[in-house]
Protein chains: 2
Amino acid sequence: MNKQKKNKLEKKGWKFGSAEEFLGLSEEESAYIELKMKLSANLRKLRTEQKLTQVELAKVIKSSQSRVAKLETGDPSVSLDLLIRSLLALGTSNKDIARAISS
Amino acid sequence: MNKQKKNKLEKKGWKFGSAEEFLGLSEEESAYIELKMKLSANLRKLRTEQKLTQVELAKVIKSSQSRVAKLETGDPSVSLDLLIRSLLALGTSNKDIARAISS
DNA sequence: TAAAGATATGTCAAATATGATATATTATCA
DNA sequence: TGATAATATATCATATTTGACATATCTTTA
């Protein structure tokens, strides 16, 4: 992961270990972030395919529009749990999730 | 998911939506639990393959032995985030995680 | 263009997950 | 067997994530 991408993420609120300050992100950190990004993108894709607004999806997952927006924009405050629960709520199977992660 | 399995999970501390009380778990709920179970099993597999004790793994992921035990036994108090972070800390790639989920 | 619809961002109290600690249970092996 | 190592379970103060709400910034369309 390059410096530019890192700055972009930091601007979004991501925090990185100080040991990585100059060395870039650890394998672990970037894999984790990449994973979330992929699931976020997948969630938005699924929602729009199903012609739902964020407000409508929020109802389905018993959350709020603002949290859906955060899920889809990769806000660091959202958990993998909520991301995956949301995908499952839209009918995604575990296999689909695996595919999204591998892609 | 059958009643017996559900009882077993409930004994472990899992809570299920009341609407599913007699109907069993929703697709979504069981997919989520299945996902966690698979990752839990994978974590234990990886740790033992690498000949680490729970105490040693705890150090690696900056947690405690008790939490590692909970990760591996599928305690409902553990998040997918911590599970996946732990797998990544043990050198698992996103593709490996995808494989574990699909298996 | 303006209005309406949709999405994004910021904040916060409440809910949930966390590491730590203590202790119980289960394996291993002398 | 009994001692020691490993794992499991319980509890709790602290930290993080949550839905809700307000409001800002796009996007669409009339």
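Quick caveat: nothing in here was measured; it's all calculated off a predicted structure. Quick note on labels: first sequence line is chain A, next is B, and so on, each numbered from 1.
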Quick one: does any side-chain atom of A/N94 pair with a main-chain N or O of B/I101 as donor and acceptor, under 3.5 Å? no

Between B/S66 and A/P76, which residue's closest nucleotide on DNA chain D lies nearer the 5′ terminus? B/S66

Using a 4.5 Å cut-off on heavy atoms from C-beta on, say whether the side chain of B/L71 contacts that of B/I61. yes

Rounded to the Å, how far apart are A/L71 CG and C/dT7 P? 13 Å

Any N or O donor-acceptor pair under 3.5 Å from the base of D/dA8 to the side chain of B/Q65? yes

Mind checking if B/R85 touches a base, just sugar-phosphate, or nothing, with heavy atoms under 4.0 Å? nothing

Whether A/D81 side chain and B/L80 backbone form a donor-acceptor pair below 3.5 Å: yes

Pick the closest DNA chain C nucleotide for B/K70 and for A/V68 by heavy atoms, then say which residue is nearer the 5' end. A/V68

Heavy-atom donor-acceptor pair, A/S64 side-chain to D/dC21 base, under 3.5 Å: no

Heavy atoms under 4.0 Å, any strand shown: does A/T53 hit a base, just sugar-phosphate, or nothing? sugar-phosphate

Atom CG of B/L52 and atom C1' of D/dT7 are separated, to the nearest Å, by 15 Å

Per A/V55 side chain, nearest of listed nucleotides C/dT18, C/dT7, D/dA8: C/dT7

Against A/Q65, only a single residue in A/K59, A/E56, A/Q54 fulfils side chain to side chain donor-acceptor pair (under 3.5 Å); can you say which? A/Q54

With DNA chain C as reference, determine whether B/R67 or A/A69 sits nearer its 5' end, using the nearest nucleotide of each. A/A69

Value in whole Å for how far the P atom of D/dT14 lies from NZ of B/K62: 22 Å

Quickly work out the A/L80 CG to D/dT18 P distance and round it to whole Å. 10 Å

A/S63 near the nucleic acid: base, sugar-phosphate alone, or nothing, with a heavy-atom cut-off under 4.0 Å? sugar-phosphate

Touch class at under 4.0 angstrom, heavy-atom based, for B/R44 against every strand present: sugar-phosphate

Going through the distances and angles, do A/K8 and A/K12 end up as a side-chain contact (heavy atoms from CB on, under 4.5 Å)? CA-CA 7 Å; A/K8 218 169 163 185; A/K12 292 197 79 173; 5.9 Å; no

Rounded to the nearest Å, what distance is computed from the CD atom of residue B/E72 to the C1' atom of nucleotide D/dT9? 14 Å

Check the distance between C/dT7's C1' and A/K45's NZ and give it to me in whole angstrom. 20 Å

Euclidean distance, atom NZ of residue A/K11 to atom P of C/dT9 [Å, nearest integer]: 10 Å

Taking CD from B/Q54 and P from D/dA5, how many angstroms apart are they, rounded to a whole number? 16 Å

